[in-house]
Amino acid sequence: MRLILPLPGNEALARRLADAGRWELGELQTRRFPDGETYVRILSEVKDKAVDLVCTLGQPDDGFLRLIFVADAARVLGAREVTLIAPYLSYMRQDRRFQPGEAVTSRSFARLVSSSFDRLVTVDPHLHRYPALSALYTIPAEALHAAPLLADWIAAEVDQPVIVGPDEESEQWVSAIASRIGAPHAVLRKVRHGDRNVDVEFPDLSQWKARYPVLVDDIASSGHTLIEAARKLPLLGFRRPVCAVVHGVFAEDSYERLKLFADRIVSSDSISHESNAIQLAPLIVAAIASAEMAREDIVRHRRLLEPGDEVSGVE
Ligand code: R5P
């Protein structure tokens, strides 16, 4: 039995997951005590169930302690296993000590999550200097890929696209998307001078000028990467681009500012935002269902091998 339990703000995605997977949708009560501490109560029965906590981590510092309390409560109340479904996984970008004394928060965060959950499911985590989530998470951690969904959206909505990645890191998504839809692609060169200070340099894109530029990135966080790339495209003779991102964090007023330079901005629903146009539920449900089937297969095999079964006695 599987219970999908949304943390506050994740109800819509959790409902889509529960509906598509035909799983039970659970309910949680949570509030703040007058002193600011967090109260949590799981209103659904969790005993002997696989409990999936749905909590995207676009604003991790606000609700992380609450998330850990719920995971802990589910376990103490008898959940068979507790999985974190975090379509956007935070704290992946501080992946090394850039300055002496800095905390490598990706590692600290991974340690905290790994000590509270049995399993993690996420979408396109920012794996730049880490080869895989297993390099920092000690629990099974599955990274799903939204590139095919972005590609299908672009193929359906944009005529004659050229797919443009704003930096070398985006090459992986950009090339996958371009090859799926048979479009050309290019990658820009980004130099980041600070959190809000980014430069992008363009290679010669003149052969694609007649095409519709689609800027694709994994994350729009401060938004500066996309703003800078979108701002420069018309100066090079292109029309205003479409911007398509997996994770629309859109901090501060970045969405409003990007709108000044973009024709259209779309994101997946990994973080709830008005730009959401691409639903991740089918991708996540398929991953949970196939992991569930694999586990059932293992249990069946183990039962067959137990003494007293029809297989026992075979030499
Ligand atoms: C770069 O490493 C990523 O792929 C994104 O380009 C970056 O995280 C976007 O950040 P921002 O929106 O703050 O420029």
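Owing to the predicted nature of the structure, the values given are computational and were not obtained by experimental measurement. Quick note: residue numbers are just sequence positions, from 1. Atoms within a ligand are numbered from 1 in the order they appear, just like the ligands themselves.
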Relative to ligand 1, is A220 under 4.0 angstrom through side chain, backbone, both or neither, heavy atoms considered? backbone
Are any non-hydrogen side-chain atoms of W173 and H185 less than 4.5 angstrom apart? no
Ligand 1 contacted by G223 (non-hydrogen, < 4.0 Å): yes
D218 heavy atoms within 4.0 Å reach ligand 1 at atoms 3 (C), 4 (O), 5 (C)
Would you please determine whether K190 falls within less than 4.0 Å of ligand 1 on a heavy-atom basis? yes
Within the structure, is a non-hydrogen atom of S170 found at a distance of less than 4.0 Å from ligand 1? no
Just by distance, with hydrogens left out, do S222 and D195 show a side-chain donor and acceptor under 3.5 Å apart? no
Would you check the N or O atoms of W173, main chain and side chain alike, for any that come under 3.5 Å of an N or O of ligand 1? no
Quick check on contacts: which atoms of ligand 1 are under 4.0 angstrom from a heavy atom of R93? 7 (C), 8 (O), 9 (C), 10 (O), 13 (O)
Does at least one non-hydrogen atom of E169 fall below 4.0 angstrom from an atom of ligand 1? yes
Could you name the option among E168, R192, H224 that has the heavy atom nearest to atom 10 (O) of ligand 1? R192
For atom 13 (O) of ligand 1, what is the nearest protein heavy atom, given as residue, atom name and distance? S222 OG, 2.6 Å
So is R31 actually on top of F33's ring, under 6.0 Å and inside 45° of the axis? yes
Within the 4.0 Å heavy-atom shell around D217, which atoms of ligand 1 are there? 4 (O), 5 (C), 6 (O)
Against S106, only a single residue in Y137, Y130, Y91 fulfils side-chain hydrogen bond (donor to acceptor under 3.5 Å, both in side chains); can you say which? Y130
Pick one of side chain, backbone, both or neither for how D195 approaches ligand 1, counting any non-hydrogen atom pair under 4.0 Å. neither
With no hydrogens and no angle check, just 3.5 Å: does a side-chain donor-acceptor pair link D218 and H247? no
Less than 6.0 Å separating the ring centroids of F109 and F64? yes
With the threshold set at 4.0 Å, does a side-chain nitrogen-carboxylate oxygen contact exist between R107 and D95? no
SB check K49 E24 (cutoff 4.0 Å): yes
Is the contact between T225 and ligand 1 made by the side chain, the backbone, both, or neither, using heavy atoms and a 4.0 Å cut-off? both
What protein heavy atom sits nearest atom 9 (C) of ligand 1, and how far off is it? I219 O, 3.4 Å
State yes or no: do V164 and V191 share one hydrophobic cluster built from I, L, V, M, F, W and Y residues joined by side-chain heavy-atom distances below 4.5 Å, directly or via other members? no
